[in-house]
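Read the structure below first, then the notes.
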Amino acid sequence: MADIAGRVWRFGDNVDTDQIIPAEHLVSANLPRLGDFIFEKVRPGVAAEVRKGDILVAGKNFGCGSSREHAPLSLMQAGFSCIVAESFARIFYRNSMNIGLLLVECATGVEEGGTLEVHADSGTVRDAGTGEVSSFPRHPPFIAQLVECGGLVNMVKEGRF
């Protein structure tokens, strides 16, 4: 997997899927626009500020709540390249891997607006501002391949399954 570096957006514990993408936006067939509505009820305006390659950093139990696949998809559509959290709700974790969104289970003290470097192959994240390095369990080969291919559908299309 490639190394990633991006600007950080910080969120706390127990961020649920309703906060990520409000339910009223789940009826749209315009999937590329889902990113326009992320966090609109809890952090209005954040969707317009996120740039391609940014990294979302959160606390415990990120993605809890319903099992909607739109939640990780909307984060990808908004431009996030990676989500780093102390822990993830299992269904959110699986949905993210199925679409190729890299998730990293790791605690880091990086501040919002700082730059975080994610080194998936070595299992480390580094706060570019302070130099602080944290480690995380590396992904099993199948999960790493899913992310590298851009998700399960792409993996099947490429005949790598």
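Reckoned from all heavy atoms, side chains included, excluding hydrogens, waters and symmetry mates. Computed from a predicted structure; not experimentally measured.
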For [X] and [Y], work out which heavy atoms get closest and say how close.
X: G53; Y: S81; result: O-OG, 3.1 Å
X: D16; Y: D18; result: OD1-N, 2.9 Å
X: T17; Y: S66; result: OG1-OG, 3.0 Å
X: A58; Y: G12; result: CB-O, 3.8 Å
X: P72; Y: N95; result: CG-CB, 3.9 Å
X: A128; Y: E117; result: CB-OE2, 4.0 Å

Does a sphere of radius 6.0 Å around [atom1] in [X] hold more than 12 heavy atoms from other residues, nucleotides or ligands, not counting ones at 6.0 Å or beyond?
X: E40; atom1: CD; result: yes
X: E111; atom1: CD; result: no
X: R7; atom1: CZ; result: yes

Hey, could you give me the [atom1]/[atom2] distance between [X] and [Y], rounded to the nearest 0.5 Å?
X: T124; Y: F136; atom1: OG1; atom2: CZ; value: 6.5 Å
X: F11; Y: I83; atom1: CZ; atom2: CD1; value: 9.0 Å
X: C82; Y: D3; atom1: SG; atom2: CG; value: 11.0 Å
X: E105; Y: H139; atom1: CD; atom2: NE2; value: 7.5 Å
X: M76; Y: I38; atom1: CE; atom2: CD1; value: 13.0 Å
X: M97; Y: L103; atom1: CE; atom2: CG; value: 4.5 Å

Handout entry: Plane angle bin for F62 and F92 - parallel if under 30°, tilted between 30 and 60°, otherwise perpendicular
Key = perpendicular
Donor-acceptor contact below 3.5 Å, side chain [X] vs main chain [Y]:
X: E112; Y: R10; value: yes
X: D127; Y: T130; value: yes
X: S87; Y: K60; value: no
X: H70; Y: A23; value: no

Are side-chain heavy atoms of [X] and [Y] found at a separation under 4.5 Å?
X: D54; Y: E49; value: no
X: V15; Y: I20; value: yes
X: F80; Y: I55; value: no

Decide whether [X] and [Y] are clustered together by the hydrophobic rule: side chain heavy atoms of Ile, Leu, Val, Met, Phe, Trp, Tyr closer than 4.5 Å, transitively.
X: L152; Y: I99; answer: yes
X: V8; Y: V42; answer: yes
X: V46; Y: L75; answer: yes
X: V133; Y: L116; answer: no

Handout entry: Ionic contact status for K41 with E24, cut-off 4.0 Å
Key = yes
Practice task
Let me see the working for V110 and E132 under side-chain contact (heavy atoms from CB on, under 4.5 Å), right down to the final yes or no.
Solution key: CA-CA 8 Å; V110 65; E132 174 193 354; over 6 Å; no
Handout entry: Trace of the side-chain contact (heavy atoms from CB on, under 4.5 Å) decision for W9 with V57
Key = CA-CA 6 Å; W9 294 87; V57 175; over 6 Å; no
Practice task
Decide yes or no on side-chain contact (heavy atoms from CB on, under 4.5 Å) for R94 and I143, but give the supporting numbers first.
Solution key: CA-CA 10 Å; R94 190 64 216 183; I143 297 297; 3.7 Å; yes
Exercise for the section: Report yes or no: do T108 and S134 form a side-chain donor-acceptor pair below 3.5 Å? Expected result: no
